[in-house]
Number of protein chains: 2
Amino acid sequence: MVQKKKQLTEPAKVDASASPKRRGRPRAYEPDVALGKALDLFRKGGFAATSLDDLSSATGMNRPSLYGAFGDKRELYIKSYQRYRDDARAATAEIFRAEMPIRKRLARIYAIALDIYLSGDAGPRGCFTVMTATSEAIADPDIRAMVLDALVGLDRAFAICFQRAKESGELPPSADPAVLGQLASATVHTIAIRSRAGVSRMELELIVNGAIDVMVGDK
Amino acid sequence: MVQKKKQLTEPAKVDASASPKRRGRPRAYEPDVALGKALDLFRKGGFAATSLDDLSSATGMNRPSLYGAFGDKRELYIKSYQRYRDDARAATAEIFRAEMPIRKRLARIYAIALDIYLSGDAGPRGCFTVMTATSEAIADPDIRAMVLDALVGLDRAFAICFQRAKESGELPPSADPAVLGQLASATVHTIAIRSRAGVSRMELELIVNGAIDVMVGDK
DNA sequence: CTTTTTTTGTACCATATCGCAAAAAATGCC
DNA sequence: GGCATTTTTTGCGATATGGTACAAAAAAAG
C-alpha cells in the first residue's frame with residue numbers, strides 16, 4: 001500500500017451529524033476519540049510495548065471491533081501517527097502562516113511543541129515523530145517515508161520563516177534559511193528527547209531561548 | 001523466530017589470557033562479545049521488539065546461560081547500554097581532550113557520531129541513547145537517569161570545547177559556551193534521528209557543516 | 001578415580017500475543 | 001412484525017514470550 005499524498009486538503013470528517021442514518025447496529029464508540037486513545041497509548045509505550053489488549057481496554061472497543069475499524073495493529077499505528085501529525089500541523093499552521101517577527105514566531109512554535117511533548121498522565125511523552133523514527137522507521141519503509149516527510153516538512157516550514165525574516169531585514173543577507181531551518185528543527189528534536197529524559201519545562205525553555213539567540217542573533 | 005539448534009559441543013574457549021584456572025566447566029562464550037551482539041540487537045529493534053530467543057540465537061548462548069551471565073532482559077539491556085556509552089566515550093575521549101581548532105574538533109566528533117549512527121547490517125541504527133530516551137526512559141527511573149546523565153555529559157563536553165575556543169580567541173567574548181554546547185548536542189540528536197529516517201551521510205554532513213557555521217561563525 | 005564446581009542443554013510453565021470465525025444484538029427498511 | 005444490515009460479543013487457536021527447573025556435561029581439585 002503506497003502512501004497517500006494527503007496534504008492540507010483533508011476532508012476526512014464523515015461525522016455522524018450529517019450522516020443519512022446508518023443502517024445496522026449503531027457503533028458503541030466514536031472512531032475519532034478511539035483513535036485519540038490509541039494515539040495516547042502508542043505515544044506512551046511505542047508500537048511493540050503496546051498490546052492489542054491495552055488498546056482494546058483503553059478505547060473501550062474489543063479487538064474485533066478495533067480490527068474492523070482500523071485494520072491490524074500496524075495500520076492502527078499508522079493511522080494514529082497520521083492523526084498526531086494532523087493535530088500538530090493544525091496547532092502550528094496559523095503561526096507559520098501569520099505575519100510576525102521571527103523571534104516571536106519561533107518562541108510560539110516552541111511553546112506549542114513543549115505543550116505537546118510535556119503533556120500526558122504518566123509523564124511527558126515527547127514527540128511521536130521522533131519516537132517512530134527511533135523505533136519502527138528502520139524496518140518499515142512506509143513508516144520511514146512518513147517520518148522523513150514530517151522531518152523535511154518541518155525543516156521547510158522553518159526555512160520559510162527565516163527566508164521571510166531575511167527579506168524583511170530581520171536577518172542579515174548572509175543568513176542561510178535552509179541551514180537555520182534545519183537548526184530550528186534540531187532544537188525541536190533535542191527538546192523532544194530531553195523531555196522524555198525528565199528535563200523540566202523551565203530548562204527546556206532555556207535551551208530554546210539560547211538556540212533562538214544563536215539563530216537570529218542575540219538581542 | 002526459530003532458534004538455531006547448535007548441537008556442537010564447542011571446544012571450550014577459555015580466555016587463556018590471564019585467568020587463574022577457573023574451576024568448573026569452561027564457558028562456551030566470551031561475555032564481551034556476547035554483550036556486543038546483544039547490543040547490536042537492541043540497537044536495531046529496541047527493548048520490547050527484541051526477544052530472548054533473538055538474543056539467545058545471536059549470542060549463541062541459550063537462555064539460562066544468558067540469564068546467569070547478565071541477569072534478566074532488563075539488566076541485559078542496561079548492561080548493553082552501558083557498553084554502548086563506554087564505547088562512544090572511548091571513541092571521542094581523545095578528540096575532546098586534545099588541543100585543536102574548534103572547527104576541526106567539532107567536525108571530528110560529528111564524523112565519529114555518523115560512523116556510529118550509520119553502521120549496521122540492516123540499515124543505519126542511530127543513537128542508542130536517543131532510542132532509549134524515546135522508549136524505556138519514561139517508565140524506568142534507573143534507565144532515565146542513565147540517559148539524562150549521557151545527555152548532560154555530552155552538553156558539558158561540548159561546552160568545554162567552546163569555552164576553550166573562547167579563551168583562545170576563536171570565539172567572541174559574547175559567545176555562551178553552555179548554549180553552544182546544547183546546540184552542538186542538538187545537532188547530534190538531529191542527525192541521530194534523521195539517520196534512522198534514511199537520510200544519506202552526505203546530507204547529514206551538510207546539516208553538520210551548516211550547524212558548525214552557525215555555531216562558530218561562517219568562515 | 002571420585003568429588004566439587006560451574007556451565008550447558010532440554011524441557012517446561014504460565015501468560016500474552018495477534019488475528020479471526022461464528023454467534024448474538026441492535027437498528028433500519030419493507 | 002419480519003428481514004436485512006451492521007456492529008458487538010464471545011471465544012478459539014496457534015504461536016511467542018519471559019523466565020525457570022533439572023539433569024547431563026565438562027573441567028579442576030583432592
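To find a chain, count down the sequence lines: A is the first, B the second, and so on, and within it residues start at 1.
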Under 4.0 Å: is that the gap between some side-chain N or O of Arg27(B) and OP1 or OP2 of dT7(C)?
yes
Can you name the nearest heavy-atom pair linking Ile193(B) to His189(A), along with the distance?
CD1-CB, 3.6 Å
Can you tell me the distance, in whole Å, between the CZ atom of Phe70(B) and the P atom of dG18(D)?
16 Å
With under 30° as parallel and over 60° as perpendicular, where do the rings of Tyr81(A) and Phe128(A) fit, or are they tilted in between?
tilted
In this structure, how many angstroms lie between the C1' atom of dA16(D) and the NZ atom of Lys73(B), rounded?
11 Å
Can you tell me the distance, in whole Å, between the CG atom of Asp53(A) and the P atom of dG19(C)?
12 Å
Closest nucleotide among dT7(D), dG11(D), dG19(C) to the Tyr29(A) side chain
dT7(D)
Is the phosphate of dC18(C) approached by Tyr67(A) (side-chain N or O, under 4.0 Å from OP1 or OP2)?
no
Which one, dT20(D), dT17(C), dC20(C), comes nearest to the side chain of Pro64(B)?
dT20(D)
Would you mind reading off the distance between Leu52(A) atom CG and dT15(D) atom P, rounded to a whole angstrom?
18 Å
Quick one: do Asp155(A) and Arg194(B) satisfy salt bridge (charged side-chain N to carboxylate O under 4.0 Å, His left out)? Show the steps, please.
CA-CA 12 Å; Asp155(A) 285 347; Arg194(B) 290 169 197 261; 2.6 Å; yes
Would you mind checking if Asp72(B) and Arg63(B) are paired as a salt bridge, meaning a charged N to carboxylate O distance below 4.0 Å?
no
dT17(C) phosphate, OP1 or OP2: any side-chain N/O from Ser51(A) under 4.0 angstrom?
yes
Tightest non-hydrogen contact, residues Ala38(B) and Thr59(B), listed as N-CG2, 4.2 Å
Please state how far atom CG in Asn62(B) lies from atom P in dG18(D), giving the value in whole angstrom units.
15 Å
Within the structure shown, what part of the strands sits under 4.0 Å from Ser56(A) by heavy-atom distance: base, sugar-phosphate, or nothing?
nothing
Could you state the CE-C1' distance from Met61(A) to dG19(C), rounded to the nearest angstrom?
15 Å
Students often get this wrong, so: under 4.0 angstrom with heavy atoms, is Ser65(A) touching a base, only sugar-phosphate, or nothing?
base
Between dC18(C), dT8(D), dA27(D), which one does the side chain of Pro26(B) approach most closely?
dA27(D)
Provide, to the nearest angstrom, the distance between the CG atom belonging to Leu55(B) and the P atom belonging to dA16(D).
16 Å
What is the distance, rounded to the nearest whole Å, between atom CZ of Arg63(A) and atom P of dG19(C)?
10 Å
